[in-house]
Amino acid sequence: MLGLRCSSCGEWHESTIRYQCEACGNSLMAEYDYNRIFRKFSFENAGMASGIWRFKPLLPVGPNVAPVTLGEGSTPLLRANRLESALSLANVFLKNETVNPTLSFKDRALSVALTVAGQLGAEAVVTASTGNTGVSAAAYAAKSGLPCTLFVPKSTPRAKLYAMKRYGASLHQVDGTFSDAYLLAKEVAERKRWFNLTSTFLNPFAVEGHKTLAYELVEQMKEVPDWVIIPIGAGPLLVSVYRGFLELRLAGRINTIPRLVGVQAAGCAPIARAFAQDKTEVEPWEAPETMLSAIADPLSSYPADGSRTLKVIRESGGQVVAAPDEAVLGDQEWLTRQEGLYVENASASTLTALKILLKQRVVRESDSVVLVLTGHGTKETE
Ligand SMILES: [Zn+2]
């Protein structure tokens, strides 16, 4: 990795602990010397070992740094044959991220983040979370030996809070939304100089871990799907998966990029609203009202993150869908009972979105579709 470049104005920064562009204040992204990387590394020969660290040259760590790993990544891609029959579809696949070490996709990012924390000499880590990031951060911090402080909204499911405590993190429940927790984590990180792992676009290293999901999809399908449907709050997973596909194309591994669909909770859908209104700037959502806690992010203090995600979705020729809670809860039950996958409700929003897009004739019956199932249902039992 060469350094960090501003996602908005392009200003270059050295790779140190930093979270925003010094020139314009926007989010940063890791920059690589792809010519050099692809001279030695190829996706076809990424090695037989499993996990995200097969792709180490494309992750923001030095070649001699030992990863902080719990065995994340290399998750199964399942054929959704019962779903295909039920909806008369030809090619639907489920990327089952619920089998990661802490039962969610966040482990890809937190494995990278804690590895970078060690590399940059951080003394402690802190993060804001709607639940999954906090559990993952606590687990990887435990493995790395760094103290971990978490800020979460009071509405966070109890099973997630319990897991955070079991891993030994210091837990602060915030009276407010995720955006309030975000500001507190940011303030503490600045004051105490702790490494901030918040998995919006704030930490430019953590987000890189999600790219590996795109690499795995192409390996597992041996082709590029037409659609990849992903639940989004601010959208770092979607943006990073898109970057992964761009890198695959740059390396000559694929020729086309899938259309990416972001799904938001209808009761907290700032990006979906901007998409529907044909706007380029996302505005914060005023009063979130949804049970889909994992994607309930009103983007109150960082709407620019939503705009960045929206731009990527448009570039891919994709869509943003607002999924109503009742429909999602029905689809969650359906996935559990018909496909044998007990996913958290935000993950089931991908099926709701697929049905909406079929009805609108945006997705066709013959299209190949991947639903990214981001987290396990056992972490939200109430
Ligand atoms: Zn900038």
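In what follows, residues are counted from 1 in the order of the sequence shown.
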Separation of Asp180 CG from Asp175 CG (nearest 0.5 Å): 8.5 Å
Any donor-acceptor N/O pair, Tyr32 side chain to Ile37 backbone, under 3.5 Å: no
Apply the test side chain to side chain donor-acceptor pair (under 3.5 Å) to residues Thr290 and Asp325: give CA-CA distance (whole Å), side-chain angles for both, the deciding distance (0.1 Å), then the verdict. CA-CA 7 Å; Thr290 175; Asp325 282 15; 2.8 Å; yes
Give a yes or no answer on whether the side chain of Ser347 reaches the backbone of Thr374 with a donor-acceptor pair at less than 3.5 Å. yes
Hey, quick one: are Val239 and Val263 part of the same hydrophobic cluster, counting side-chain heavy atoms closer than 4.5 Å, chains of contacts allowed? no
Sequence neighbours excluded, which residues qualify as side chain to side chain donor-acceptor pair (under 3.5 Å) partners of Ser42? Asn45
Identify whether the distance between the nearest side-chain nitrogen and carboxylate oxygen of Glu11 and Arg5 falls below 4.0 Å. no
Evaluate the criterion side-chain contact (heavy atoms from CB on, under 4.5 Å) for residue pair Gln338 and Leu83; output intermediate values, then yes/no. CA-CA 8 Å; Gln338 303 294 324; Leu83 181 55; over 6 Å; no
Which ILVMFWY residues can you reach from Tyr167 by hopping between side chains whose heavy atoms are under 4.5 Å apart? Val135, Leu150, Val152, Leu161, Met164, Leu171
Are Tyr34 and Val241 connected into the same hydrophobic cluster when the rule is that any two of I, L, V, M, F, W, Y join if their side-chain heavy atoms are below 4.5 Å apart? yes
Counting only heavy atoms not in Arg337 (residues, nucleotides, ligands), do more than 12 fall under 6.0 Å from its CZ? no
Between Glu72 and Tyr140, do the side chains contain a donor N or O and an acceptor N or O under 3.5 Å apart? yes
Is there a donor-acceptor pair closer than 3.5 Å between any side-chain N or O of Gln20 and the backbone N or O of Asn26? no
Lys143 atom NZ: more than 12 heavy-atom contacts under 6.0 Å: no
Flag for Thr102-Asp107: side-chain donor and acceptor within less than 3.5 Å: yes
Within 6.0 Å of CZ in Arg243, more than 12 heavy atoms from elsewhere: yes
Straight-line distance of Leu146 CG to Leu114 CG, nearest 0.5 Å: 6.5 Å
Listing, residues 364-373 side-chain donor-acceptor contacts under 3.5 Å, not counting sequence neighbours, or none:
{"residue": "Arg364", "atom": "NE", "partner": "Arg361", "partner atom": "O", "Å": "3.3"}
{"residue": "Glu365", "atom": "OE1", "partner": "Arg361", "partner atom": "NH1", "Å": "3.3"}
{"residue": "Glu365", "atom": "OE2", "partner": "Arg361", "partner atom": "NH1", "Å": "3.4"}
{"residue": "Asp367", "atom": "OD2", "partner": "Trp227", "partner atom": "NE1", "Å": "2.9"}
{"residue": "Asp367", "atom": "OD2", "partner": "Arg364", "partner atom": "N", "Å": "2.9"}
{"residue": "Ser368", "atom": "OG", "partner": "Asp226", "partner atom": "N", "Å": "2.9"}
{"residue": "Ser368", "atom": "OG", "partner": "Asp226", "partner atom": "OD2", "Å": "3.3"}

If you draw a 6.0 Å radius around CZ in Arg193, do more than 12 non-hydrogen atoms from other residues or ligands fall strictly inside? no
Report yes or no: does Lys186 contribute a side-chain atom to a donor-acceptor pair with the main-chain N or O of Asn196 at less than 3.5 Å? no
Residues sharing Phe151's hydrophobic cluster, by side-chain heavy-atom contacts under 4.5 Å among ILVMFWY, directly or via others? Val126, Val174, Leu184, Val188, Trp194
Check the angle between the aromatic planes of Phe55 and Phe43 and answer parallel, tilted or perpendicular using the 30° and 60° thresholds. tilted
Side-chain heavy-atom pair Val112, Ile52 within 4.5 angstrom cut-off: yes
Work out which heavy atom in Pro204 is nearest to a heavy atom in Leu28; give both atom names and the distance. CB-O, 3.5 Å
Compare all side-chain heavy atoms of Thr69 with those of Trp53 and state whether any distance is below 4.5 angstrom. yes
Sequence-distant partners of Glu187, salt bridge (Lys or Arg N to Asp or Glu O under 4.0 Å), two or more places apart: Arg191
CG of Asn91 to CZ of Arg79, rounded to nearest 0.5 Å, is 5.0 Å
Hey, quick one: are Val228 and Leu89 part of the same hydrophobic cluster, counting side-chain heavy atoms closer than 4.5 Å, chains of contacts allowed? no
Identify every side-chain donor-acceptor pair in residues 307-319 under 3.5 Å, counting partners at least two apart or on other chains, and give the distances.
{"residue": "Ser307", "atom": "OG", "partner": "Val282", "partner atom": "N", "Å": "2.9"}
{"residue": "Ser307", "atom": "OG", "partner": "Pro303", "partner atom": "O", "Å": "3.4"}
{"residue": "Arg308", "atom": "NH1", "partner": "Ser27", "partner atom": "OG", "Å": "2.7"}
{"residue": "Thr309", "atom": "OG1", "partner": "Ala234", "partner atom": "O", "Å": "2.6"}
{"residue": "Thr309", "atom": "OG1", "partner": "Asp305", "partner atom": "O", "Å": "3.3"}
{"residue": "Arg314", "atom": "NH1", "partner": "Lys279", "partner atom": "O", "Å": "2.9"}
{"residue": "Arg314", "atom": "NH2", "partner": "Lys279", "partner atom": "O", "Å": "3.0"}
{"residue": "Glu315", "atom": "OE1", "partner": "Tyr242", "partner atom": "OH", "Å": "3.1"}
{"residue": "Ser316", "atom": "OG", "partner": "Leu260", "partner atom": "N", "Å": "3.0"}
{"residue": "Ser316", "atom": "OG", "partner": "Ile313", "partner atom": "O", "Å": "2.9"}
{"residue": "Ser316", "atom": "OG", "partner": "Gly318", "partner atom": "N", "Å": "3.3"}

Quick one: does Thr198's side chain have a donor or acceptor within less than 3.5 Å of a partner on Ala128's backbone? yes
Salt-bridge test for Arg158 and Glu380: reply yes if a basic N is under 4.0 Å from a carboxylate O, no otherwise. no
Applying salt bridge (Lys or Arg N to Asp or Glu O under 4.0 Å) as the test, list every pair that has at least one member in residues 94-105; sequence neighbours left out. Lys95-Glu216, Glu97-Arg108
Between CG of Leu103 and CG of Asn132, what distance do you get to the nearest 0.5 Å? 8.5 Å
Set of ring pair (Phe, Tyr, Trp, His ring centres under 6.0 Å) partners for Phe195, sequence neighbours left out: none
Report whether Leu248 and Leu250 are members of the same hydrophobic cluster (ILVMFWY, side-chain heavy atoms less than 4.5 Å apart, transitive linking). yes
Working note: Leu110 + Thr133, criterion side-chain contact (heavy atoms from CB on, under 4.5 Å); need CA distance, chi angles, decisive distance, verdict. CA-CA 8 Å; Leu110 273 301; Thr133 300; 4.0 Å; yes
Does Thr98 use its side chain to pair, donor to acceptor, with the backbone of Val343 at less than 3.5 Å? no
Could you tell me whether a side-chain N or O of Gln264 sits under 3.5 Å from a main-chain N or O of Pro231, the two making a donor and an acceptor? no
So, does His13 use its side chain to make a donor-acceptor pair with the main chain of Glu22 at under 3.5 Å? yes
Value rounded to 0.5 Å, distance of CG in Leu292 from CD in Gln332: 9.0 Å
Applying side chain to side chain donor-acceptor pair (under 3.5 Å), which residue pairs with at least one partner in residues 113-131 are found, sequence neighbours left out? none
State, without any angle test, whether Ser240 and Lys211 hold a side-chain donor-acceptor pair at a distance under 3.5 Å. no
Sorted by chain and number, sequence neighbours left out, side chain to side chain donor-acceptor pair (under 3.5 Å) with Glu223 holds for none
Trp285: which other cluster members, linking ILVMFWY side chains closer than 4.5 Å, directly or transitively? none
Are there more than 12 heavy atoms of other residues, nucleotides or ligands under 6.0 Å from atom CG of Asn81? yes
Report, one line per pair, each donor and acceptor closer than 3.5 Å where one atom sits in a side chain of residues 266-273; sequence neighbours left out.
{"residue": "Arg273", "atom": "NH1", "partner": "Glu286", "partner atom": "OE1", "Å": "3.3"}
{"residue": "Arg273", "atom": "NH2", "partner": "Glu283", "partner atom": "O", "Å": "3.2"}
{"residue": "Arg273", "atom": "NH2", "partner": "Pro284", "partner atom": "O", "Å": "3.0"}

Value rounded to 0.5 Å, distance of CG in Asn100 from CG in Leu70: 10.0 Å
Evaluate whether atom CD of Glu14 has more than 12 neighbouring non-hydrogen atoms of other residues, nucleotides or ligands under 6.0 angstrom away. no
Can you tell me if Ser349 uses its side chain to pair, donor with acceptor, with the backbone of Ala346 under 3.5 Å? yes
